[in-house]
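Okay, structure first, notes after.
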Amino acid sequence: MTFVTCDLCDEHADSVSVVTGLHWRNFGGRKNFGGQVETVKCFEDNSRVKEHLATPGKGKVLVVDGGGSLRNALIGDMIAENAVENGWEGVIIYGACRDVDALLQLDLGVVTLGCVPIKSVRRGEGQLNIPVSFGGVIFQPGHWVYADNNGVIVSPAALL
Ligand SMILES: O=C([O-])CC(=O)C(=O)O
């Protein structure tokens, strides 16, 4: 998939929503990625993230509302490798990751707010495929998201 979010914003100014006010970093090996939105909402517990990235994800991006916490990592190299094996296009996490040098080697987009070495707890908490909201945007499961080093945009319909 080759695109630049700036061009998509220019071409679809009336229909895209742009995530603003967040200092995203792209830790993955894909510099741009996009797909149909699936969501997880959780807080410092990556149970649902691990479970869901172990299911088929071709054409999909997992958007995780981690409440903005940088106190532990909702994804690391093992979960990310599993996501690649299952065909996921990428993950966007309003929260943190770890194992950043390994993430860079993977054919996966990994956009997060930052990184931290400590892993997440796993108490089986979190919700799957509900609308989530951060950066001024509502992510509806089934909508479309596109990300690159410029930022993250959302659209009700596929743009590519
Ligand atoms: O297991 C976790 O919670 C996160 C992690 O480090 C990995 O995915 O390798």
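Ligands are counted one by one from 1 in listed order, and the atoms in each one are counted from 1 as well.
In this view, F27 satisfies the ring-ring contact (aromatic ring centres under 6.0 Å, His included) rule with no residue, not counting sequence neighbours. Annotation: ring-ring contact (aromatic ring centres under 6.0 Å, His included) contacts of F33 (sequence neighbours excluded): none. Here D107 pairs with R30 under the side chain to side chain donor-acceptor pair (under 3.5 Å) rule; sequence neighbours left out.
Ring planes of Y146 and F3: perpendicular class, angle over 60° (limits at 30 and 60°).
Under the 4.5 Å side-chain criterion, counting only non-hydrogen atoms from C-beta, E44 is in contact with S69.
Ligand 1 is surrounded by N46, G76, D77, M78, I79, R98, D99, R122, each with at least one heavy atom closer than 4.0 Å.
Ring to ring, H12 and W144 are not that close: their centroids are 6.0 angstrom or more apart.
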